[in-house]
There are 2 protein chains.
Amino acid sequence: MSKRPLPAKRMSYRTRKHRSPDGLPTDICIFTINSQSRNTKTKSLPTKQLAVLLIKRKSTTFGEQWALPGGFSKENETLDEGAYRELKEETNIDRDVHIEQLRTYYKPGRDPRGWIPSVAYVSLVHEDLLKHVRADDDASEARLFPIDEALHLNLAFDHCDILTDALARVREKMLQTNIAKAFLPDEFTLSELLQVIETVVPAFKVSDRGNFERRLLSTTRRQGILEPVLSGDGQPLYSTEYSNSPAKLYRFTDYTPTPMIY
Amino acid sequence: MSKRPLPAKRMSYRTRKHRSPDGLPTDICIFTINSQSRNTKTKSLPTKQLAVLLIKRKSTTFGEQWALPGGFSKENETLDEGAYRELKEETNIDRDVHIEQLRTYYKPGRDPRGWIPSVAYVSLVHEDLLKHVRADDDASEARLFPIDEALHLNLAFDHCDILTDALARVREKMLQTNIAKAFLPDEFTLSELLQVIETVVPAFKVSDRGNFERRLLSTTRRQGILEPVLSGDGQPLYSTEYSNSPAKLYRFTDYTPTPMIY
DNA sequence: GTAATAGTGTCTCTGAGACAGTATCTC
DNA sequence: GAGATACTGTCTCAGAGACACTATTAC
């Protein structure tokens, strides 16, 4: 502990002669799932890939390196509003998407321009809303990278750390909450759901699709996470989008159990 | 979206004429568990209470109101270091305790002194390390409040929101991770563990103590969360601190399963 | 014996997972 | 019939929870 008494931490702001941060940007990890339809003889599920949106920096600092999208927050907006504004500016999305604060990053020197912490956000966006961002356009400003590729890029600032943490957060919440809905249409089949989970969390392996189904639907503990989509006369609705055999459609309810270790 | 082109968000810091934050304090929700031994005829478990440390502000802003401890972070330290420094200054604790970032709060006007976001932290501290903070000393600067009482105080700033979020975080992690260890000695009995969980999460109710025990020890899914404490010759150690009937001592291992809803 | 905690025994019903089988529909 | 997905049947063993019971030890 310091020898001299510290400048009292409850001293009024106006009398402080402290230096204060040079800005408080929000940086956003925008995740999406990229579907690629396979060329099969009959209808089939597309292959999916978890991807993240990066932009190419054009400034002198970290010029030409890829970085997370983001920008400085403003005094007259909340941090969430700032992040959402940046998300919109970067993607042109103009409706509600999943966005949550991850945490704030600062260590001395993380930004060569000065004392600039970063409030990191995580956003999950359905691929339909990012159609205009081409995954393979190398000349563009913004691009979707498969997550493994992104992690091996030499990202600007400490964005590699942020991305790593963000991915861990998404994987955790994918198994513990119903955020899978961010990557799914309102109504989906169990195979689609399973595929999304497996795409985001490769470690999640289900040996038997049928058992997954039973577990989700016939376990009292999980009762009510999903509900079948019914037509007007109470009959379940089916989809034949990805298979010739009609598959029941489900949707998420508002109910999410809290899973626990004890 | 604004009509005029925004000042390019990747414009170099030195050329920006933006206003920047007036400081970036860390505020810490320091939780502990307060034990009070009951006056019973034989040895018994103490009653426990979840409590949070608050300090009485003495500045002009929010003078005399209770608030979360905290203080301005500095340019040459990480946010975690700043929070830990404040924790130490406030409590005189000088060893590792559980501390984690919650999230950062800002909305216009949250601090009358200016543009001052707050990086909130959550810390869990064993009561033995807070012995010098008396829970019932009304004249003191710092005081422990039972959590329900604290939530009904008119706290300074948006500290009530922060505390609410912090409590939710602690409750969630209490069930999903082994943070209970922060409130327990290294070696503890199953009754102590159960009591800590029930104290932090009142909704967690176990009808039958014996079933709790079996679940924790004889379920393959939970195998390895706890391990019995063994003496030199491989015999389990027992405690008679809270009961005449010796109770087996356990400790947490490093293993924590990821609970999931699917 | 009493008080307070620590545990065991046993029973029932749910459920997880393995494996095999059938169904649907298009080409 | 091939191909891809969508289920259903059945068996086994683990496990959650209810309830009742015994054990330990200081007083």
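Throughout, a chain's letter reflects where its sequence line sits, starting with A, and its residues are numbered from 1.
Across all strands, B/Ser218 comes closer than 4.0 Å only to sugar-phosphate atoms, never to a base (heavy-atom distances). Residue contacts shown for B/Ser243 are limited to sugar-phosphate atoms, with no base heavy atom under 4.0 Å away. Backbone-only engagement by A/Thr40 is indicated by non-hydrogen atom pairs under 4.0 Å involving sugar-phosphate atoms exclusively. Residue contacts shown for B/Thr220 are limited to sugar-phosphate atoms, with no base heavy atom under 4.0 Å away. The residue B/Leu45 sits close only to the backbone: its heavy atoms come under 4.0 Å of sugar-phosphate atoms, none of a base.
Counted by atom type alone, A/Tyr105 and A/Asp27 present zero donor-acceptor pairs between their side chains at under 3.5 Å. Checked by atom type, the side-chain pair A/Tyr121/A/Asp80 shows a donor-acceptor distance below 3.5 Å.
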Set out, line by line, the N/O atom pairs under 3.5 Å between protein and nucleotides 17-21 of chain C.
residue	atom	partner	partner atom	Å
C/dG17	OP2	A/Arg215	NH1	2.7
C/dA18	OP2	A/Ser207	OG	2.3
C/dA18	N7	A/Asn211	ND2	2.8
C/dA18	N6	A/Asn211	OD1	3.4
C/dA18	N6	A/Arg214	NH2	3.3
C/dC19	N4	A/Asp208	OD2	2.9

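Each of A/Ser245 and B/Tyr238 has a nearest nucleotide on DNA chain C; the 5'-most of these lies closest to B/Tyr238.
Across the protein-nucleic acid pair, A/Asn244 atom CG and D/dT5 atom C1' stand 8 Å apart, rounded to whole Å. Going from atom NZ of A/Lys205 over to atom P of C/dA16 covers 19 Å, rounded to whole Å. Spacing between atom CG of A/Leu194 and atom C1' of D/dT5 amounts to 13 Å, rounded to whole angstrom units. For the pair B/Lys248 NZ and D/dT24 P, the interatomic distance rounds to 13 Å; values are reported in whole Å. Following rounding to the nearest Å, A/Lys41 (NZ) and D/dG3 (P) show an atom-to-atom distance of 6 Å. D/dA26 atom C1' lies 8 Å from atom NZ of B/Lys43, rounded to whole Å. Counting to the nearest Å, the P atom of C/dA16 and the CZ atom of A/Phe204 are 11 Å from each other. The nearest whole Å value for the distance from the CZ atom in A/Phe212 to the P atom in D/dA6 is 12 Å.
The existence of a salt bridge linking A/Glu149 and A/Arg143 is confirmed by a sub-4.0 Å separation between a basic side-chain nitrogen and an acidic carboxylate oxygen. The existence of a salt bridge linking A/Lys43 and A/Glu241 is excluded, since no basic side-chain nitrogen approaches an acidic carboxylate oxygen closer than 4.0 Å.
The aromatic rings of B/Phe204 and A/Tyr262 sit perpendicular, their planes meeting at an angle over 60°, well past the 30° parallel limit.
Taking only side-chain nitrogens and oxygens, A/Arg222 never comes nearer than 4.0 Å to OP1 or OP2 of C/dT14. Close to D/dG15, at under 4.0 Å from its OP1 or OP2, lies no side-chain N or O of A/Arg221. Close to D/dA6, at under 4.0 Å from its OP1 or OP2, lies a side-chain N or O of A/Arg209.
Closest contact between the side chain of B/Ser44 and the listed nucleotides C/dT5, D/dC7, D/dA4 involves C/dT5.
Judged purely by atom type and a 3.5 angstrom limit, A/Arg169 uses its side chain to pair as donor or acceptor with the backbone of A/Leu102.
B/Leu193 contributes atom CG, which lies 4.5 Å from atom CZ of B/Phe212 (distance to the nearest 0.5 angstrom).
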Check the pair A/Phe252, A/Phe188 against ring-ring contact (aromatic ring centres under 6.0 Å, His included), reporting the backbone distance first and the verdict last. CA-CA 9 Å; A/Phe252 279 105; A/Phe188 51 86; 5.2 Å; yes
